[in-house]
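We number each residue from 1, following the sequence as shown.
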Amino acid sequence: MPLTAAGISFGPLLVGFAVNTILYGALVTSGLVYFSSFKNDGPWIRLLVSTLLLLCTANVILQFVFLNDTLIIHFGDQDSLTRANWVFSLLPGIAGVVSSLVQFFFAWRIRILTSSVWPVGIMVILASAAFLCGIGTTVAINMVPMFAQFHKFEIVFVVGLASSALDNLLITALLVRSLSEHKTGFVDTDHIIKKIIRVTLQTGLLTAIWTLIDLAVYIALTDGMHLVFNESLAQFYTISVMSTLIARPRDHAYTDFTVVNGDQTERRVRHLFSLGSWCRSFFQ
């Protein structure tokens, strides 16, 4: 049985919206943990987190407004099922802004950790390409609103996704390598570093894989199925940042030590407080 216009675009959109809403709930929880536990972070990083949360909130609201307008308010209107509007056009732009902000943030972290210039330069170029392609897709949708004609600007969409996925893989690999080189030999200190590495690897790699799946499905299929993955990209990027931030030692003193002997414990305490101070200064 052939798919209707509603089934081609709005079936995947509804599924994508459901996934996006679930991820948004997890994102709000991580935001509450961050703002209640890391009050000594620099104002710029708190502004970054607030901006990402605001953009992801707008992303969920705009998806709901578009689906409600098309499926409820204009119920039975076949023409509305075949075209996008200005609300829908904002979604790829928001995803492009979120992905670029997240990747700029990680590029800055790698610059601090490694003092390398050329890898960071590549990351900034790829993140800028994803940003420009996201904005370009928003403009293109307003110019060509018919879903059936989206193939006219597919090169912009493909380049944006490919740049973003490649940047995520590069960031994840370099962050894991750089953090591994900062191990000290002290159990508690290395435990915290391993935790940050594990979270970075899991969230960064997951975001890259999710983006690659979105790209592969978009290229392989023409029934709009890629929207299941595309609608939640902004949430995945923001969660990758939030997971890394809340994996650090919190602002209050870390006192869960295992007593071995006086000297060893004192040295471990000093190193743990040094790590906490390093983490706080690192994010100022």
Side-chain angles (χ1 to χ4, degrees), residues 2-28 31 51-102 130-158 160-161 164 207 210-211 213-215 217-219 221-239:
L3 289 174
T4 62
I8 291 175
S9 297
F10 288 89
L13 272 173
L14 281 172
V15 176
F17 176 69
V19 174
N20 199 28
T21 305
I22 294 171
L23 292 174
Y24 180 71
L27 182 59
V28 170
T51 301
L52 291 174
L53 290 174
L54 181 62
L55 288 172
C56 288
T57 301
N59 177 263
V60 173
I61 292 174
L62 289 173
Q63 288 181 23
F64 172 78
V65 169
F66 174 69
L67 291 171
N68 180 71
D69 178 73
T70 305
L71 301 180
I72 305 300
I73 297 178
H74 292 92
F75 177 76
D77 184 356
Q78 293 295 318
D79 182 64
S80 65
L81 296 175
T82 61
R83 63 174 58 243
N85 57 22
W86 69 269
V87 175
F88 181 85
S89 71
L90 292 176
L91 298 177
I94 290 176
V97 172
V98 169
S99 68
S100 62
L101 286 176
V102 169
F131 168 76
L132 292 175
C133 288
I135 299 301
T137 302
T138 292
V139 174
I141 290 175
N142 281 288
M143 297 176 62
V144 187
M146 302 298 294
F147 287 122
Q149 298 180 3
F150 276 11
H151 65 275
K152 292 183 178 181
F153 54 85
E154 67 179 4
I155 185 62
V156 178
F157 185 75
V158 169
L161 283 180
S164 185
T207 303
W210 193 263
T211 306
I213 292 175
D214 181 22
L215 178 60
V217 173
Y218 176 78
I219 294 175
L221 304 177
T222 59
D223 57 0
M225 190 59 65
H226 78 99
L227 293 171
V228 172
F229 306 95
N230 188 258
E231 295 302 288
S232 54
L233 280 178
Q235 312 293 353
F236 270 100
Y237 281 107
T238 307
I239 287 174

Worksheet item: Thr82 and Gln78: side-chain contact (heavy atoms from CB on, under 4.5 Å), yes or no, with the steps?
Response: CA-CA 7 Å; Thr82 61; Gln78 293 295 318; 5.9 Å; no
Fill in: Derivation of the side-chain contact (heavy atoms from CB on, under 4.5 Å) call for Phe229 and Val19
CA-CA 9 Å; Phe229 306 95; Val19 174; over 6 Å; no
Fill in: Check against side-chain contact (heavy atoms from CB on, under 4.5 Å), Thr57 and Val28
CA-CA 9 Å; Thr57 301; Val28 170; 5.9 Å; no
Discussion item. Applying ring pair (Phe, Tyr, Trp, His ring centres under 6.0 Å) to His226 and Phe157, what does each step give before you reach the verdict?
Written reply: CA-CA 12 Å; His226 78 99; Phe157 185 75; 5.4 Å; yes
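Applying the side-chain contact (heavy atoms from CB on, under 4.5 Å) criterion to Ile219, with sequence neighbours excluded, gives Leu215.
Leu161 CG to Thr137 OG1: the interatomic distance, rounded to the nearest 0.5 Å, is 8.0 Å. Here the OG atom belonging to Ser89 is positioned 10.0 Å from the CZ atom belonging to Phe66, to the nearest 0.5 angstrom. The OG1 atom of Thr70 sits 7.0 Å away from atom CG of Leu67, with the distance rounded to the nearest 0.5 Å. For the atom pair Leu23 CG and Cys56 SG, the distance stands at 9.5 Å (nearest 0.5 Å). Residue Thr138 holds its OG1 atom at 8.0 Å from CD1 of Ile94, rounded to the nearest 0.5 Å.
Summarising the geometry of Pro92 relative to Ile141, their closest heavy-atom pair is CG-CD1, 3.9 Å, with the distance given to 0.1 Å. Shown here for Glu231 and Leu91, the closest heavy-atom pair between the two residues is OE1-CD1, 3.5 Å. Looking at every heavy atom in both residues, Val87 comes nearest to Leu62 through CG1-O, 3.3 Å. In this structure, Pro12 and Gly224 approach most closely via the heavy-atom pair CB-O, 3.2 Å. In terms of heavy-atom proximity, Ser80 sits nearest to Phe10 at O-CZ, 4.3 Å. Arg83 approaches Met146 most closely through the heavy-atom pair NH2-SD, 3.4 Å.
Asn85 places none of its side-chain heavy atoms less than 4.5 Å from the side chain of Asn142.
The ring of Tyr218 has its center no closer than 6.0 angstrom to the ring center of Phe150. Phe147 and Phe88 have their aromatic ring centers within a separation under 6.0 angstrom.
Side-chain atoms of Ser232 and Tyr24 include no donor-acceptor pair closer than 3.5 Å. Between the side chains of Gln235 and Asn20, at least one donor N or O lies within less than 3.5 Å of an accepting N or O.
Here the options are Leu55, Thr207, Val98, Asn59, the test is side-chain contact (heavy atoms from CB on, under 4.5 Å), and the partner is Thr238; only Val98 passes.
With His151 contributing its side chain and Ala148 its backbone, the two residues share a donor-acceptor pair below 3.5 Å. Ser99 contributes a side-chain N or O that, together with a main-chain N or O of Gly96, makes up a donor-acceptor pair within less than 3.5 Å.
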